[in-house]
2 protein chains.
Amino acid sequence: MDPNVIPNVSVDCVIIGYDLQDISILLIEREMIYNDRKYVDLKLPGDLVRWNEDIDSSAHRILFDLSGVQINNLKQLQAFGEVDRLKEEPRDMEWLRSIDHPEERVITIAYYTLVSLDLIHSQKFKPNPNARWVPISKIGKLAFDHNRIINIALDTLRQEIKKNPVAFDLLPRKFTLSQMQKLYELVMGTCFDKRNFRKKIAQIPCIVPINEKQVNVPHKPARYYMFSHDVYEATRKDSFDFLV
Amino acid sequence: MDPNVIPNVSVDCVIIGYDLQDISILLIEREMIYNDRKYVDLKLPGDLVRWNEDIDSSAHRILFDLSGVQINNLKQLQAFGEVDRLKEEPRDMEWLRSIDHPEERVITIAYYTLVSLDLIHSQKFKPNPNARWVPISKIGKLAFDHNRIINIALDTLRQEIKKNPVAFDLLPRKFTLSQMQKLYELVMGTCFDKRNFRKKIAQIPCIVPINEKQVNVPHKPARYYMFSHDVYEATRKDSFDFLV
DNA sequence: TCAAAAGTGTTGGTATTACACCCATGT
DNA sequence: ACATGGGTGTAATACCAACACTTTTGA
């Protein structure tokens, strides 16, 4: 066991992405032989916290090691500390033994982050070969209590996206209003009227149209918009107050 | 050092109360001699987590030991895990030594709870003799990072009270609309128009007037209201949607 | 010329704000 | 009788929900 880590405290990260089609989570594939059968499970990226790092720093380190890039809009979700949270599934316990983790109690602190297509497609983004983007509709039973953690992350995103301009962390820097609307619809699980949606956007000063349109699309090309952080800071009242 | 506890993980509890005048926090007085001077500091109630209890159970245990009653509307806030969070103030470190806490890193998980006057005044409520209710306007510098934790608890309350019927955890079972309005004003830091406030309340089915009025008040006695959990469950849509 | 998505206004209903006076009680 | 907080209505405005057709492009 690595002497640099606190053996009972870990950090797990829910990395949420939007590829203009689906909302997906970046998961780690875990292969193991158990009772002579091969299992391929998925889990959240995570690690034990080191003695000399803040828990926020652990989360940053985990993301950097996973992706090769510094990701900074990281938010803490909450801690998960049931005594038996790692012990429901015998396979999970066997896996802990296999990575030389003492079969002890681990309290985990979950973080989540939103990453945009721009980042994912950038040269620097070199995810760990075991990492997989999995659309949330296709996530099966994960290791440990990781399904629960993801659900709480998505609930939190649902709350956040209504009140704070976090959608722009998921969208590319230049986006069309339809892309934005679809994102909101996926996150909130509802549909919006196109005209009413656009009317609302038009009143938000920090979402600014730019002089650029889609090219090579087999329909009327859509205008691009971008989010202006400057304008947002200069004009925000108390909350973004987007969609009730 | 108690072998039953995880030495690096604690729980701290922010206990919020409303006495119809002020919002107060229940704090623990810590007396110590340091450099030949006597110090009386205040801190949040908290303790290390035991190996055999969930973190939620730690929080319940801390509240029970402190107050003598079972308190169950307890919500996790978040974890605080900076490496040096206990080490800013030499006096705090000295105190840790004095209670035989190894001078190690402690990650704490903060919880908060709302308690009503009814509970506080009940026979069973027998707080620890070192416990003090301190109005939030009169809280000075606390031990460790406990000011920060309280501020985050109050922010969270501010969010919650807008969307969920948590005000009724702070109010007595029977309350007047003015008492309720004052609570909202204290929490949110704003004033409301009395008539508009009451109009809004009248539309919320789960806040029901009862056939009872104040007695012995030197003014027109106010009607009492109560919160009906049944009606709330039966009529709630998605959120309480109280005051933007 | 067709398919596919972009883009655009009006109306009726609902919710929100601002505002001032009389009432019931204890002292 | 007076001080104290309780209780009530209206009008102007802002916001929200529902709804259908024309436009631009690539194939």
Side-chain angles (χ1 to χ4, degrees), chain A residues 18-22 161-163 171-172 174-186 188-205 207-226 235 237-244, chain B residues 18-22 162-163 171-172 174-186 188-205 207-226 235-244:
Chain A
Y18 170 54
D19 62 4
L20 308 182
Q21 299 297 324
D22 283 305
I161 208 170
K162 283 192 270 190
K163 288 283 159 195
L171 287 163
K174 299 173 190 174
F175 53 88
T176 70
L177 294 187
S178 297
Q179 290 165 354
M180 180 172 172
Q181 182 174 345
K182 180 163 189 187
L183 172 59
Y184 270 87
E185 289 176 339
L186 284 170
M188 314 267 292
T190 52
C191 289
F192 299 109
D193 177 88
K194 187 163 49 153
R195 278 178 287 191
N196 292 338
F197 186 89
R198 283 159 190 253
K199 225 178 301 172
K200 196 126 190 187
I201 300 294
Q203 285 167 258
I204 301 177
I207 303 176
V208 298
I210 59 177
N211 275 330
E212 202 171 331
K213 293 188 172 185
Q214 286 180 317
V215 288
N216 276 324
V217 285
H219 54 77
K220 180 169 173 178
R223 148 160 276 163
Y224 282 116
Y225 286 71
M226 52 177 284
T235 62
K237 320 209 195 321
D238 255 350
S239 73
F240 186 64
D241 198 21
F242 184 66
L243 300 162
V244 178
Chain B
Y18 171 53
D19 63 4
L20 309 182
Q21 300 297 325
D22 283 304
K162 282 193 270 188
K163 288 282 161 195
L171 286 163
K174 300 171 190 175
F175 54 87
T176 70
L177 294 187
S178 296
Q179 290 165 354
M180 180 172 171
Q181 183 175 343
K182 181 164 189 186
L183 172 59
Y184 270 87
E185 288 176 342
L186 284 171
M188 314 265 293
T190 53
C191 289
F192 300 109
D193 177 88
K194 188 163 48 152
R195 280 179 286 192
N196 293 338
F197 185 89
R198 282 159 191 252
K199 223 179 303 172
K200 197 126 191 188
I201 299 294
Q203 288 166 256
I204 302 177
I207 302 176
V208 297
I210 60 178
N211 274 330
E212 204 172 330
K213 292 186 171 186
Q214 287 180 316
V215 288
N216 279 324
V217 284
H219 53 76
K220 179 169 174 179
R223 150 159 274 162
Y224 282 116
Y225 286 71
M226 53 178 282
T235 62
R236 80 210 198 97
K237 319 207 196 321
D238 254 350
S239 74
F240 187 65
D241 199 22
F242 185 66
L243 300 162
V244 179

For the backbone of B:Met180 and the side chain of B:Tyr18, can you confirm whether one donor and one acceptor N or O come within less than 3.5 Å of each other?
no
Side chain proximity check, B:Tyr225 to B:Val208, heavy atoms < 4.5 angstrom:
no
Testing the basics here: between [X] and [Y], what is the closest heavy-atom pair and its distance to 0.1 Å?
X: B:Leu177; Y: B:Arg198; answer: CD1-CG, 3.7 Å
X: B:Gln21; Y: B:Leu186; answer: O-CD1, 3.5 Å
X: A:His219; Y: A:Gln214; answer: CE1-OE1, 3.6 Å
X: A:Lys174; Y: A:Gln179; answer: O-OE1, 4.4 Å

Evaluate the criterion side-chain contact (heavy atoms from CB on, under 4.5 Å) for residue pair A:Met226 and A:Ile207; output intermediate values, then yes/no.
CA-CA 6 Å; A:Met226 52 177 284; A:Ile207 303 176; over 6 Å; no
Let me have the donor-acceptor pairs involving side chains of residues 190-197 of chain A, under 3.5 Å, with sequence neighbours excluded, atom names and distances please.
{"residue": "A:Asp193", "atom": "OD2", "partner": "A:Arg195", "partner atom": "N", "Å": "3.0"}
{"residue": "A:Asp193", "atom": "OD2", "partner": "A:Asn196", "partner atom": "N", "Å": "2.9"}
{"residue": "A:Asn196", "atom": "OD1", "partner": "A:Lys199", "partner atom": "NZ", "Å": "3.1"}

Between [atom2] on [N] and [atom1] on [X], what's the gap in Å once rounded to a whole number?
X: A:Gln214; N: D:dT25; atom1: CD; atom2: P; result: 12 Å
X: A:Ile201; N: C:dA6; atom1: CD1; atom2: P; result: 14 Å
X: A:Phe197; N: C:dG7; atom1: CZ; atom2: P; result: 12 Å
X: A:Phe192; N: D:dA18; atom1: CZ; atom2: P; result: 12 Å

Counting only side-chain N and O atoms of B:Ser178, is one of them less than 4.0 Å from OP1 or OP2 of D:dG5?
no
Determine the contact category for B:Thr176: base if any of its heavy atoms lies under 4.0 Å from a base atom, sugar-phosphate if only primed atoms, P, OP1 or OP2 are that close, otherwise nothing.
nothing
Over all strands shown, is B:Arg223 touching base, sugar-phosphate only, or nothing at heavy-atom distances under 4.0 angstrom?
sugar-phosphate
The helix from C:dT1-D:dA27 to C:dT27-D:dA1: angle between terminal helix axes, five bp per end, to the nearest 10 degrees, reads 10°
Heavy atoms under 4.0 Å is the rule here; annotate nucleotides 19-27 of chain C 5' to 3' with B where the base is hit, S where only the sugar-phosphate is, and - elsewhere.
BB--BBBS-
